[in-house]
Amino acid sequence: METKANYVAVGAFVLACMLALVVTVLWLAGVQYSQEYVYYQTKFTGSVTGLGKGTTVRYNGIEVGRVDTLDFDPEDPKSVVATLQVRPDLNIHVDATASIASQGLTGGSYVEIIGGKKDSAVLPHTTSKPYPAIKSEQSTLALLEETAPQVVNKLNTIADKLNKILDEKNQKRIADILQNLDSLTGNLDQHKGDIDAILHNTASATHNLDIASADLHPTFLHANETLGKLDKLSTDADAVVTGDGVAQLSALVADSRRLVGSLNKLSDELNREPTRLIFGDRRKGYEPK
């Protein structure tokens with residue numbers, strides 16, 4: 001009986017130690033869990049397909065936490081509020097944004113947080129509500145889903161216009177244009193030698209023009225000198241016309257006129273009495289008695 005009592009005591013002691021160990025582990029795990037993450041909230045508009053409890057949260061591509069809960073926004077039925085649990089040593093700035101991203105076309109979805117500027121304020125770290133809010137923005141997939149119908153409509157419009165452009169008449173015209181281009185190409189190929197000769201002649205003419213330009217350069221210099229002399233002559237002529245030359249020229253003209261008058265008078269006298277100029281005037285004057 002005493003041996004059995006010792007076994008019972010030992011067994012009870014072992015069970016008590018094991019129970020205490022389990023409680024301690026659970027308590028430590030609970031404390032560690034409660035201190036392991038801080039919480040934030042973000043609001044997504046539209047579908048959040050692919051997100052759920054435990055979905056990965058990444059910050060600039062690095063895994064930093066999990067999605068804790070997803071719930072509808074009571075003030076906006078089109079929005080979904082996501083509660084995120086994130087590492088406490090991570091500083092998320094107030095201008096950071098959250099969006100739903102996808103790991104490729106066939107991969108799962110996750111929440112991507114893109115950090116803001118380093119000079120902006122940091123959201124508080126808290127484990128109790130109300131949680132700090134991170135701004136959200138539409139993901140690339142959501143934008144594609146929204147714009148896909150518009151893109152399809154535009155593609156249909158373009159296809160209709162192409163069908164109108166490429167009707168039978170226009171197809172025949174395009175075929176004629178292509179045929180004309182082919183003929184033109186053939187003609188150019190046949191006259192390739194002539195074209196080469198024209199290009200050669202053009203190059204020779206250009207070279208000759210360069211030589212002629214070099215030869216004409218001295219002529220242009222002489223022409224400039226001649227123009228300078230003409231300009232000086234014009235200046236001298238202006239000085240003669242506008243200065244004392246005009247008065248001297250007028251006096252010369254007056255003297256010339258007087259000389260011409262005297263010569264005319266002398267000529268008349270010679271015509272009337274040619275001997276008078278040689279022998280003098282022999283006519284006697286009146287002598288009073």
Side-chain angles (χ1 to χ4, degrees), residues 14-153:
V14 171
L15 289 175
C17 290
M18 292 180 63
L19 182 60
L21 180 61
V22 171
V23 172
T24 301
V25 170
L26 291 176
W27 179 79
L28 292 175
V31 172
Q32 183 180 5
Y33 181 81
S34 63
Q35 294 180 352
E36 186 177 359
Y37 294 104
V38 293
Y39 293 84
Y40 301 93
Q41 281 188 338
T42 186
K43 185 187 297 184
F44 296 113
T45 301
S47 175
V48 292
T49 303
L51 296 187
K53 184 178 177 61
T55 300
T56 302
V57 176
R58 294 182 179 179
Y59 184 76
N60 291 340
I62 300 175
E63 184 175 338
V64 294
R66 295 285 186 273
V67 174
D68 185 55
T69 60
L70 289 172
D71 203 354
F72 293 103
D73 185 2
E75 298 179 357
D76 185 5
K78 295 182 180 180
S79 300
V80 176
V81 178
T83 302
L84 313 177
Q85 54 182 18
V86 182
R87 284 169 23 191
D89 59 338
L90 182 66
N91 292 327
I92 299 179
H93 298 271
V94 294
D95 53 349
T97 58
S99 62
I100 300 175
S102 177
Q103 296 177 350
L105 296 177
T106 59
S109 298
Y110 61 92
V111 176
E112 176 70 28
I113 301 175
I114 300 176
K117 299 179 181 179
K118 64 179 182 179
D119 297 333
S120 59
V122 177
L123 292 173
H125 298 175
T126 180
T127 58
S128 59
K129 294 182 178 181
Y131 301 131
I134 301 175
K135 298 177 182 179
S136 65
E137 61 180 12
Q138 274 190 316
S139 63
T140 304
L141 291 177
L143 291 174
L144 289 176
E145 290 178 358
E146 288 185 0
T147 57
Q150 300 176 1
V151 174
V152 172
N153 291 332

Pair D71-V80, side-chain contact (heavy atoms from CB on, under 4.5 Å): steps then yes or no
CA-CA 6 Å; D71 203 354; V80 176; over 6 Å; no
Rounded to the nearest 0.5 Å, what's the gap from CD1 on I114 to OG on S99? Could you check?
5.0 Å
Test log, rule side-chain contact (heavy atoms from CB on, under 4.5 Å), inputs I100 and V48
CA-CA 8 Å; I100 300 175; V48 292; 3.7 Å; yes
Using every non-hydrogen atom in the two residues, find where V57 and V67 come nearest and quote the distance to one decimal.
CG2-N, 3.8 Å
Taking T42 for the side chain and I134 for the main chain, is one N or O donor matched with an acceptor at less than 3.5 Å?
yes
Less than 4.5 Å apart, side chain to side chain, heavy atoms only: is that true for T49 and S109?
no
Would you please name every residue forming a ring-ring contact (aromatic ring centres under 6.0 Å, His included) with Y110, sequence neighbours left out?
none
Rounded to the nearest 0.5 Å, how far does OH of Y131 lie from CG of D68?
7.0 Å
Test Y40 against V38 for side-chain contact (heavy atoms from CB on, under 4.5 Å), laying out the working first.
CA-CA 7 Å; Y40 301 93; V38 293; 3.7 Å; yes
Does L70 form a side-chain contact (heavy atoms from CB on, under 4.5 Å) with L51? I'd like the steps, not just the answer.
CA-CA 8 Å; L70 289 172; L51 296 187; 3.8 Å; yes
With sequence neighbours left out, what residues match T97 under side-chain hydrogen bond (donor to acceptor under 3.5 Å, both in side chains)?
none
Tell me whether D95 is salt-bridged to K117, with the criterion being a basic N under 4.0 Å from an acidic carboxylate O.
no
Please confirm whether the backbone N or O of L90 pairs with a side-chain atom of H125, one donor and one acceptor, at under 3.5 Å?
yes
Is there a donor-acceptor contact under 3.5 Å from the side chain of K78 to the main chain of T45?
no
Quick one: pull up OH in Y39 and OG1 in T127 and give me the separation to the nearest 0.5 Å.
8.0 Å
Evaluate the side-chain proximity of L84 to Y37: yes if any heavy-atom separation is below 4.5 Å, no if none is.
no
Treating E112 as the side-chain partner and N60 as the backbone partner, does any N or O pair qualify as donor plus acceptor under 3.5 Å?
yes
Distance-only, no hydrogens or angles: does the S79 side chain make a donor-acceptor pair with backbone N or O of K43 under 3.5 Å?
no
Tell me, yes or no, whether the heavy-atom count around L21 atom CG, taken from other residues, nucleotides or ligands under 6.0 Å, exceeds 12.
yes
Between NZ of K53 and OG1 of T83, what distance do you get to the nearest 0.5 Å?
9.5 Å
Mark yes or no for whether H93, through its side chain, and S120, through its backbone, hold a donor-acceptor pair below 3.5 Å.
yes
